[in-house]
Amino acid sequence: MYTYEYETVSCELGGWGFGAGNVYEIGDYRTIINKRAKEGWRYVGCIPTTQRGTGHTQTMDLIFEKEI
């Protein structure tokens, strides 16, 4: 059996890309995943939790599991 935890990260406006419109950057997800791995959690995936009207992801949950 597994237990799950979720951590929310934000996608912030990072600038303007020529021909691509706004550029969004995700928070420091690598640090979060590495920290959780050291604590015995396994990264499983992510789920967009908030989206803008343009379809861009505003926030997402990183999903972690641990065997109990």
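Position 1 is the first residue of the sequence; numbering continues from there.
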**Study point:** Partners passing side chain to side chain contact (heavy atoms under 4.5 Å, CB included) against Asn34 (at least two apart in sequence or in another chain)
**Key:** none
Revision key, fill the gap. Applying side chain to side chain contact (heavy atoms under 4.5 Å, CB included) to Thr49 and not counting sequence neighbours gives Thr59, Asp61
**Study point:** By side-chain hydrogen bond (donor to acceptor under 3.5 Å, both in side chains) - contacts of Thr31 (at least two apart)
**Key:** Asp28
Review point. Mind checking who shares a hydrophobic cluster with Tyr4, ILVMFWY linked at side-chain heavy-atom distances under 4.5 Å?
Key: Tyr2, Tyr6, Val44, Ile47, Ile63
**Study point:** For Met1, the rest of its hydrophobic cluster, which grows through side-chain links under 4.5 angstrom
**Key:** Ile68
Check your understanding: For residues 32-42, which residue pairs qualify under salt bridge (charged side-chain N to carboxylate O under 4.0 Å, His left out), counting only residues two or more places apart or in two chains?
Key -> Glu5-Arg36, Glu7-Arg36, Lys35-Glu39, Arg42-Glu65
Review point. In Å, rounded to the nearest 0.5 Å, how long is the span from CD1 of Ile33 to CZ of Phe64?
Key: 5.5 Å
Check your understanding: Looking only at heavy atoms, which two atoms of Met60 and Cys11 are closest? And how far apart?
Key -> CE-SG, 4.1 Å
Point to revise | Counterpart residues, ring pair (Phe, Tyr, Trp, His ring centres under 6.0 Å), relative to Tyr29 (two or more places apart) | key: none
